[in-house]
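In what follows, every chain begins at residue 1, and chains take the letters A, B, ... in the order their sequences are listed.
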There are 2 protein chains.
Amino acid sequence: MMNLDHKTVSIADQVFERLERKILIGEYQRGELLTEIKLSEEFGVSRTPIREALRRLEQEHIIDITARGATVLGILPQDIDDIYEIRSRIEGLASRWMAERVNEEDMAEFRRVIDLQEFYTAKGDADQIKDMDSRFHRMIYEKCGSVSLSDTLLPLHKRVMKFRRVSVSDQTRAEESLAEHRGIFEAIAAHDGALAEKLTVQHIAHARDSIMGRVLSEKEG
Amino acid sequence: MMNLDHKTVSIADQVFERLERKILIGEYQRGELLTEIKLSEEFGVSRTPIREALRRLEQEHIIDITARGATVLGILPQDIDDIYEIRSRIEGLASRWMAERVNEEDMAEFRRVIDLQEFYTAKGDADQIKDMDSRFHRMIYEKCGSVSLSDTLLPLHKRVMKFRRVSVSDQTRAEESLAEHRGIFEAIAAHDGALAEKLTVQHIAHARDSIMGRVLSEKEG
DNA sequence: CTCGATATAATTGTATACATTAAACCAGAG
DNA sequence: CTCTGGTTTAATGTATACAATTATATCGAG
């Protein structure tokens, strides 16, 4: 995934991505207080890029900044359920639009992603499965042809990342999920927007059931 | 609207709000190059708070930052249409949830907003009508009880602000819009979630028709 | 005259010093 | 022992100096 528009990746951008990832996968706990000084020591940079990253994370409601520092915000079962309700209503739209607008080059990359997912699902590598699952969905957002829809779906997708990791650790669900992705992929490849939308809505509903079942039984971590 | 959680409003926050507003209402033109130095002189502050504001605007895809400065990104008719398609699918959900969860105190404020909208609509004051229209929709986002849904809808709403101003300049549409808001308000007040959702979906569809009709005939500014 | 390497100027990127804020602590009065 | 108020402290908020980058202009070779 090269940097085609020749935009320099600044330290602030790197800090943002690393920090966001650490929070989203749960490496920083909910309620944990992050200070700029501690973070600047941890990342080996000054406070300036740390601050910019924190401001962006605050805007996404991933942290809350006060005079004492930045508090990591958690996510409740109700939030997860809300997010899946929202996604079930609009993620199908992204698949539909991608089916109608995508070109062959992007479809080739799309195929590589799902082939990799199949490979790791056969191996039962949960971390890799989760990453490929993410790439599959993000690919749809990026290639649906609407920045607004992509900007809408991506934050929702990010917020449930930690829980999807748990879900795909179940080999049965991982294989189901792969089959559903394969169906969506084929519909998009055939430029059948209506089918792609329908299958995506079903896929989101299944993912929701799988994740909510686990979250509710575990009483959240 | 008091600051209940005692959080200081920093200069950076103020700059962000003023800058965002200026871009969203069209005071800075699409393609215009904003430099940190020019902005810091214009706002009378150092580059630091300007930078933080610009980073947040970049995250919302309102500007694009390069080594030359920040370019104001425009919005195409296709984007507006996409946004209304997305909103038509999820904004009704916000009304439904608000109907099911809202308390009496918030409803009293909600009533004041729509009463003001009625007042300004009778006067034909387009700027005030647009502001009350915004407050009506934002109130639903804030009181629907889901941060995720609010975070999802608010950016979409902001992006079409400039065009709604044009739409409500038409007195007939302004009165229609008021009547539709009144219907949604009554449904929420009666805690009738299904009706609130249905009326909201219709309202979004009408707003879309009104705005797209104008945008397409004007060939965009 | 054109192309390309190079110098230059203007801007963003980063580090750091200083100002401000607010929570925590402690002491003294009731 | 509890409440109050001032002091301390540890963090964020802001300004500014300096570094790095990039587009543009310039100069020279072909």
Residue pairs meeting ring-ring contact (aromatic ring centres under 6.0 Å, His included), one or both in residues 125-144 of chain B, sequence neighbours left out, come to B:Phe110-B:Phe136, B:Phe136-B:His181, B:His137-B:His157, B:His137-B:His181, B:His137-B:His203, B:Tyr141-B:His157
Summary of ring-ring contact (aromatic ring centres under 6.0 Å, His included) pairs that have at least one residue in residues 39-72 of chain A, sequence neighbours excluded: none
Going 5' to 3' through nucleotides 10-20 of chain D, assign each nucleotide B (protein heavy atom under 4.0 Å from a base atom), S (under 4.0 Å only from sugar-phosphate atoms) or - (no protein heavy atom that close). -SBBBBBB---
Salt-bridge test for B:Arg56 and B:Glu52: reply yes if a basic N is under 4.0 Å from a carboxylate O, no otherwise. no
To the nearest Å, how far apart are B:Leu39 CG and C:dT11 P? 11 Å
Begin from the C-alpha positions of B:Ser167 and B:Ser210 and carry the test side chain to side chain donor-acceptor pair (under 3.5 Å) through to its verdict. CA-CA 6 Å; B:Ser167 179; B:Ser210 168; 2.7 Å; yes
With B:Lys22 as partner, the option from B:Glu17, B:Glu32, B:Glu27 fulfilling salt bridge (charged side-chain N to carboxylate O under 4.0 Å, His left out) is B:Glu27
